[in-house]
Visitor: 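Supplied in structure tokens, the structure appears directly below.
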Amino acid sequence: MQTVIKGTGRFVPPRKLTNHDLARWMETSDQWIRQRTGIEQRYWIAAEGRTGSSDLGLEASRPALEKAGWKAEDLDLIIFATLSPDYFFPGSGCLLQAKLGLKSTPALDIRQQCTGFLYGLATADAYIRSGLARRILLVGAEVHSTGLDVSTRGRDVAVIFGDGAAAVCLEGDDTSEQAGVMAVSLHADGSMAESLMTEAPASCCNPRIDEEMLRQGRHYPYMDGRNIFKMAVRLLPEVAKEVLDKAGLGVRDVDLFIPHQANLRINQAFAKAMDLPPDRVFNNIQRYGNTTAASIPLALDEALEREMIGPGATVMFLGLGSGLTWGAVLYRFQP
Ligand code: UT7
């Protein structure tokens with residue numbers, strides 16, 4: 001039994017913010033952001049009203065289901081990857097399930113940040129191979145913008161993140177021996193949890209959040225950017241080789257590398273370390289910023305739309321982020 005992609009979809013909210021827009025709130029510049037990250041613009045939800053990750057996830061799920069030719073009722077499971085759930089609990093997967101008009105379809109959330117799509121794909125693959133589910137909707141969605149410190153204090157993090165969502169429909173197929181999810185390598189190093197985190201509200205604090213914590217900005221993301229950057233540059237080529245070894249394939253067999261979009265310079269360093277020409281590594285961070293759990297499926301959906309990959313193509317999804325977590329998944333499209 002192989003896990004194959006039957007449809008993909010993406011959605012970003014219409015409010016576009018350029019680097020110049022951010023420079024109105026904090027001491028930064030278009031030049032700094034472009035040079036250090038590659039980002040030119042990102043999309044954030046409207047400043048007014050209530051839009052959660054499940055709402056963005058719903059908008060991304062619709063085209064994915066349509067391309068798969070499925071109705072929501074066909075789903076056996078929803079897997080929702082996010083670091084910015086609508087509520088502290090319950091998970092956004094449950095909210096999405098209701099928004100899709102479903103009554104009892106199971107739904108689970110994955111809190112694996114930048115590698116949420118990778119962990120989600122591996123989980124979906126395990127459900128499908130074990131026979132627990134046949135049709136799964138995997139969603140990565142984030143609303144970062146409501147949780148960023150847009151003053152100069154938070155500029156290193158705030159300029160990076162964008163809101164957005166993407167979804168894939170996954171199905172068990174027993175006729176596609178040479179296609180589907182081919183190999184998975186996942187890792188975590190919890191000793192680095194505090195290198196990239198949002199601490200509060202925190203169940204280990206009593207109360208979970210108070211005015212002093214708010215004053216200190218402990219409800220905003222903290223990132224040791226330099227350290228995370230170094231880890232990514234070291235571990236991404238390592239995990240890419242590991243997953244290739246598992247599948248018995250070489251770098252040459254991969255048509256397109258689809259990395260998490262955290263920083264254009266990280267992906268350029270990855271290409272250099274792997275001796276890859278720029279056109280074999282997909283990047284769209286310039287237009288979306290870092291959409292965390294949504295970034296890999298969002299990139300996949302665009303790569304398919306632009307016909308950069310087609311039937312029979314082999315792709316590698318890979319990423320590193322908060323946790324610390326990192327990993328790679330090799331996938332081959334049906335011929
Ligand atoms: O997706 C999750 C995983 N996350 C990542 O993979 C992120 C990895 N890290 C990065 O992408 C980079 O570390 C950043 C883009 C976050 C920062 O770039 P950097 O080249 O590592 O800059 P830095 O943190 O070393 O800061 C350099 C300077 C500092 O000023 P001083 O101390 O040299 O005077 C910062 O205060 O740049 C300053 N700075 C800024 N200046 C203008 C930091 N943020 C900004 C900003 N605008 N937005």
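Here the structure is a predicted model, which means the values were calculated and not measured. The residues of the chain are indexed from 1 along the displayed sequence. First listed ligand is number 1; within each ligand, the first listed atom is number 1.
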Visitor: Under 3.5 Å, N or O to N or O, is Thr37 touching ligand 1 that way?
Guide: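 The answer is no, given that Thr37 and ligand 1 share no N or O pair closer than 3.5 Å.
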Visitor: Is atom 34 (O) of ligand 1 touching the protein, meaning some protein heavy atom lies under 4.0 Å away?
Guide: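 When distances to the protein are checked, atom 34 (O) of ligand 1 has no heavy atom within 4.0 Å.
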Visitor: May I ask whether Met26 has any heavy atom positioned less than 4.0 angstrom from an atom of ligand 1?
Guide: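 Checking ligand 1 against Met26, which is what was asked, there is no heavy-atom contact under 4.0 Å.
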Visitor: So which bit of Thr28 gets within less than 4.0 Å of ligand 1, heavy atoms only: side chain, backbone, both or neither?
Guide: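 The part of Thr28 near ligand 1 is both the backbone and the side chain.
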Visitor: Taking a cutoff of less than 4.0 Å between a non-hydrogen atom of the residue and any ligand atom, is His260 in contact with ligand 1?
Guide: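 Yes; His260 lies near enough to ligand 1 that a heavy-atom distance drops under 4.0 Å.
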Visitor: Has ligand 1 got any nitrogen or oxygen that is less than 3.5 angstrom from a nitrogen or oxygen of Ser29?
Guide: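 There is no such contact.
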Visitor: May I ask you to identify the nearest protein heavy atom to atom 7 (C) of ligand 1, giving residue, atom name and distance to one decimal place in Å?
Guide: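 It is Met223 SD, 3.7 Å.
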Visitor: Please list, in number order, the atoms of ligand 1 under 4.0 Å from a heavy atom of Ile228.
Guide: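 The list of qualifying atoms is 3 (C), 4 (N), 5 (C), 6 (O).
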Visitor: In the protein, which heavy atom is nearest to atom 12 (C) of ligand 1, and how far is it?
Guide: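 Atom 12 (C) of ligand 1 sits closest to the protein heavy atom Asn263 ND2, 4.0 Å.
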Visitor: Which heavy atom in Ser54 sits nearest to a heavy atom in Ser92, and how many Å separate them?
Guide: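 Heavy atoms of Ser54 and Ser92 come nearest at CB-O, 3.9 Å.
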Visitor: For the side chain of Thr82 and the backbone of Ala141, is there at least one donor-acceptor N/O pair under 3.5 Å apart?
Guide: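 Between the backbone of Ala141 and the side chain of Thr82 there is a qualifying donor-acceptor contact (under 3.5 Å).
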Visitor: What about Ile39 and Trp25, same hydrophobic cluster or not, with Ile/Leu/Val/Met/Phe/Trp/Tyr joined at side-chain heavy-atom distances under 4.5 Å?
Guide: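 Yes, Ile39 and Trp25 fall within the same hydrophobic cluster.
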Visitor: Is Ile33 touching ligand 1 with its side chain, its backbone, both, or neither, if touching means heavy atoms under 4.0 Å apart?
Guide: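 Ile33 to ligand 1: no contact under 4.0 Å from either part.
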Visitor: Are any non-hydrogen side-chain atoms of His219 and Met213 less than 4.5 angstrom apart?
Guide: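 In short, these two side chains do not touch, never coming nearer than 4.5 Å.
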Visitor: Can you tell me if Arg265 has a non-hydrogen atom under 4.0 Å from ligand 1?
Guide: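 Contact present.
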Visitor: Report yes if some N/O of Ile266 lies less than 3.5 Å from some N/O of ligand 1; otherwise report no.
Guide: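 For ligand 1, there is no N or O atom that lies under 3.5 Å from one belonging to Ile266.
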Visitor: Would you please say whether a donor-acceptor pair under 3.5 Å links the side chains of Glu242 and Ser185?
Guide: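 Indeed, the side chains of Glu242 and Ser185 share at least one donor-acceptor pair under 3.5 Å.
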Visitor: Check whether any side-chain heavy atom of Ile296 sits under 4.5 Å from a side-chain heavy atom of Leu300, and report yes or no.
Guide: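 A side-chain contact is absent here, since even the closest heavy-atom pair is not under 4.5 Å.
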Visitor: Contact between Val150 and Leu22 at the side-chain level, heavy atoms closer than 4.5 Å - yes or no?
Guide: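 No, side chains not in contact.
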Visitor: Tell me which one of Cys114, Gly321, Ala262 gets a heavy atom nearest to atom 2 (C) of ligand 1.
Guide: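 It is Cys114 that holds the nearest heavy atom.
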Visitor: Please list, in number order, the atoms of ligand 1 under 4.0 Å from a heavy atom of Val159.
Guide: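 Those of ligand 1 that fall under 4.0 Å from Val159 are 48 (N).
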Visitor: Starting from atom 19 (P) of ligand 1, what is the nearest protein heavy atom, named by residue and atom, and what distance separates them?
Guide: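 Among all protein heavy atoms, the one nearest atom 19 (P) of ligand 1 is Arg36 NH1, 3.7 Å.
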Visitor: Check whether any side-chain heavy atom of Asn227 lies under 4.5 Å from a side-chain heavy atom of Met192, and answer yes or no.
Guide: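 They are in contact (side-chain heavy atoms under 4.5 Å apart), so the answer is yes.
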Visitor: In the protein, which heavy atom is nearest to atom 23 (P) of ligand 1, and how far is it?
Guide: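 Of the protein heavy atoms, Arg226 NE, 3.8 Å lies nearest.
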Visitor: What part of Leu196 sits under 4.0 Å from ligand 1 if we count only heavy atoms: the side chain, the backbone, both or neither?
Guide: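 Side chain only; the backbone of Leu196 stays clear of ligand 1.
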Visitor: Would Glu142 and Ser84 count as having a side-chain donor-acceptor pair, cut-off 3.5 Å?
Guide: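 Yes, Ser84 and Glu142 have a side-chain donor paired with an acceptor closer than 3.5 Å.
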Visitor: To which protein heavy atom is atom 37 (O) of ligand 1 closest, and what is the distance rounded to 0.1 Å?
Guide: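 Checking every protein heavy atom, the shortest distance to atom 37 (O) of ligand 1 gives Trp32 NE1, 3.3 Å.
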Visitor: Specify the protein heavy atom at minimum distance from atom 29 (C) of ligand 1: its residue, its atom name, and the distance to 0.1 Å.
Guide: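 Going by distance alone, atom 29 (C) of ligand 1 is nearest to Arg155 NH2, 4.9 Å.
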Visitor: Hey, does Glu199 have a side-chain heavy atom less than 4.5 Å from the side chain of Cys205?
Guide: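 Yes. Closest side-chain heavy atoms under 4.5 Å.
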Visitor: Is the closest protein non-hydrogen atom to atom 21 (O) of ligand 1 under 4.0 Å?
Guide: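 Within 4.0 Å: yes, protein heavy atom nearby.
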Visitor: Which residue supplies the protein heavy atom nearest to atom 9 (N) of ligand 1, what is that atom called, and how far is it?
Guide: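 Looking at atom 9 (N) of ligand 1, the protein heavy atom closest to it is Gly225 O, 3.0 Å.
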Visitor: Measuring from non-hydrogen atoms of Ile160 to any atom of ligand 1, is the shortest distance under 4.0 Å?
Guide: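 Right, Ile160 reaches ligand 1.
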Visitor: Which of the atoms of ligand 1 are close to Asp156, meaning less than 4.0 Å from one of its heavy atoms?
Guide: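 Answer, ordered by atom number: 16 (C), 43 (C), 44 (N).
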Visitor: Could you tell me if Asp163 and Ser145 have a donor-acceptor pair between their side chains, going purely by distance under 3.5 Å?
Guide: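 Short answer, yes.
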Visitor: Which residue owns the protein heavy atom closest to atom 1 (O) of ligand 1, what's the atom, and how far is it?
Guide: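 Protein heavy atom with the smallest distance to atom 1 (O) of ligand 1: Asn290 ND2, 2.6 Å.
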Visitor: For a quick test of reading the model, state the closest non-hydrogen atom pair linking Arg42 to Phe161 and the distance between them.
Guide: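 Taking Arg42 first and Phe161 second, the nearest heavy atoms are CG-O, 3.7 Å.
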Visitor: Determine whether Leu83 and Leu118 fall in the same hydrophobic cluster, where Ile, Leu, Val, Met, Phe, Trp and Tyr are linked whenever their side-chain heavy atoms lie under 4.5 Å apart.
Guide: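 No: no chain of side-chain contacts under 4.5 Å links Leu83 to Leu118.
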Visitor: Between Asp149 (side chain only) and Ala158 (backbone N and O only), is there a donor and an acceptor less than 3.5 Å apart?
Guide: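 No, because the side chain of Asp149 does not come within donor-acceptor range (under 3.5 Å) of the backbone of Ala158.
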